[in-house]
Amino acid sequence: MQTNSSETAGMTPLNVLIVDDSATMRALLYRVVGLADLPIGAIYQAPNGAEALKVLETHSIQAVFTDVNMPVMNGMELLREMAARDEWKDILRVIISTDGSRLRREEARELKVSLYVEKPFRPEVVRDVLCQIATVDVL
Amino acid sequence: MSSVKSLPLTSSDQEALQSAVIEVCENAYFVFVEPCDAPQFATLVDQVRAEKGRGPSGRWLNASVAFHGASRGQVDVVLPERLGTWLVVSLLGLPADATLKDNQLLDGVGEFANMVCGAWLSKANETASFTLDVPKVTRMPSGWAPGSTPQPDEEAYRTVVVNEMPLEVRAR
């Protein structure tokens with residue numbers, strides 16, 4: 001876990017969880033999240049869904065960016081676990097995956113995924129996603 | 001695309017393989033890709049070979065991603081280590097002369113192959129969903145170089161130039 005200390009007066013810092021088995025993708029997303037013009041509190045990282053659940057159990061998280069294909073517990077399994085927990089219902093869910101199939105997107109919608117970003121993506125797409133969060137009542 | 005013979009690749013699927021490389025390079029790495037024919041590819045391979053003896057730059061990496069779903073198969077991306085380093089440094093926004101740890105390089109090249117495979121599958125079959133295995137990245141033996149010809153069991157094969165370096169992508 002790493003922390004970004006930026007904070008904007010008047011806004012609650014946003015805690016973000018990045019879930020991807022690729023350290024490269026996690027590093028990229030960490031950098032991109034830092035580019036968003038939002039108060040970022042902590043940026044947590046997990047290499048699979050099982051580790052992500054541990055973070056969710058122990059920290060206050062407002063947004064989850066997750067890959068789909070991962071070992072141990074994949075992104076859809078993580079989202080199913082999240083959907084079953086009432087205390088996590090307000091967490092913003094974003095999928096970032098190479099799998100952009102219609103089937104997967106429909107499955108994601110059923111699991112309350114707000115946004116589906118297909119890899120490869122331009123960094124500003126993820127930055128814009130975070131900025132949209134500021135206009136949505138999740139903070 | 002698949003070893004399942006009931007789902008043979010069409011010519012448009014093969015074009016999609018090249019389009020996938022272009023899409024990944026241009027969207028995630030901000031670099032243009034040019035197709036290249038066999039003689040041009042061989043020339044570029046020779047240039048990489050000439051780098052042998054100057055550190056690891058003359059070595060090649062092979063990143064494989066197996067997929068399962070409506071069909072199954074594997075995508076292989078073969079590229080010089082120097083190109084792999086450049087791609088990872090570019091993706092992460094690091095200084096051009098940054099030195100990568102070995103696990104950073106292999107993970108980053110694996111992610112590149114993962115994106116190519118996913119982009120190709122999305123183009124080849126918009127409706128089906130696939131599961132991609134964790135990429136396997138192998139550093140090829142010293143002196144090894146791609147032959148620039150498709151193997152008998154491969155159904156798609158393309159060679160391109162990325163940042164003046166050769167890259168081949170194979171699918172079966």
Side-chain angles (χ1 to χ4, degrees), chain A residues 2 18-36 45 47-49 65-79 95-111 113 116-128, chain B residues 19-31 33 63 65-70 75 84-85 87-94 98 100-135 137:
Chain A
Q2 293 172 294
I18 296 168
V19 192
D20 199 305
D21 57 323
S22 165
T24 301
M25 284 310 299
R26 294 199 305 272
L28 172 63
L29 286 167
Y30 182 89
R31 185 169 69 93
V32 170
V33 167
L35 295 175
Q45 302 183 36
N48 58 60
F65 289 76
T66 183
D67 188 13
V68 171
N69 289 309
M70 293 180 290
V72 184
M73 177 187 280
N74 68 37
M76 304 315 286
E77 291 168 331
L78 166 64
L79 291 165
I95 284 182
I96 298 183
S97 174
T98 53
D99 184 350
S101 67
R102 194 179 308 154
L103 186 68
R104 194 68 84 194
R105 285 173 180 273
E106 287 170 3
E107 190 180 0
R109 260 194 298 274
E110 290 170 5
L111 291 171
V113 171
Y116 200 116
V117 179
E118 203 172 329
K119 296 179 193 173
F121 60 87
R122 292 181 179 276
E124 58 266 31
V125 171
V126 174
R127 181 201 62 197
D128 292 347
Chain B
S19 298
V21 176
I22 292 171
E23 181 182 315
V24 170
C25 286
E26 292 186 356
N27 285 353
Y29 297 85
F30 306 105
V31 61
V33 177
V65 181
F67 60 88
H68 319 269
V75 169
T85 300
L87 286 170
V88 178
V89 165
S90 172
L91 183 71
L92 296 179
L94 299 173
L100 297 177
K101 293 177 183 171
D102 205 47
N103 61 339
Q104 277 184 305
L105 170 65
L106 301 183
D107 182 82
V109 170
E111 186 56 31
F112 177 81
N114 184 53
M115 283 194 272
V116 169
C117 181
W120 176 58
L121 291 169
S122 294
K123 291 176 186 302
N125 193 333
E126 292 180 357
T127 55
S129 184
F130 292 90
T131 299
L132 276 58
D133 285 353
V134 175
V137 183

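Per chain, numbering begins at 1; letters A, B, ... match sequence-line order.
Note on A:Thr98, A:Val32, A:Val125: by heavy-atom pairs under 4.5 Å with chain B, the leading option is A:Thr98.
Interface residue B:Glu23: backbone and side-chain heavy atoms are both found under 4.5 Å from chain A. Contact of A:Glu107 with chain B is not made at all, since no heavy-atom distance falls under 4.5 Å. Interface remark: A:Arg31 contributes side-chain atoms only to the contact with chain B (heavy atom separation under 4.5 Å). For chain A, the nearby part of B:Phe30 is the side chain; its heavy atoms alone come within less than 4.5 Å.
Annotation for A:Pro123 and B:Asn27: closest pair CD-O, 4.5 Å, computed over non-hydrogen atoms. The two residues A:Ala27 and B:Leu92 come nearest to each other via the heavy atoms CB-CD2, 3.8 Å.
Counting heavy atoms from C-beta outward, B:Val134 and A:Met70 have side chains that stay 4.5 Å or more apart.
Of the inter-residue distances, the one linking B:Asn114 atom CG with A:Asp21 atom CG reads 7.5 Å to the nearest 0.5 angstrom. Taking CG of A:Leu28 as the start and CD of B:Glu111 as the end, the distance is 9.0 Å to the nearest 0.5 Å. Residue A:Asn69 holds its CG atom at 8.5 Å from CG of B:Asp133, rounded to the nearest 0.5 Å. Rounding to the nearest 0.5 Å gives a distance of 12.0 Å between NZ of A:Lys119 and SG of B:Cys117. Here CG of B:Asp107 is found 3.5 Å from OG1 of A:Thr24. Values are rounded to the nearest 0.5 Å. Here the CE-CE distance, from B:Met115 to A:Met25, works out to 5.5 Å after rounding to the nearest 0.5 Å.
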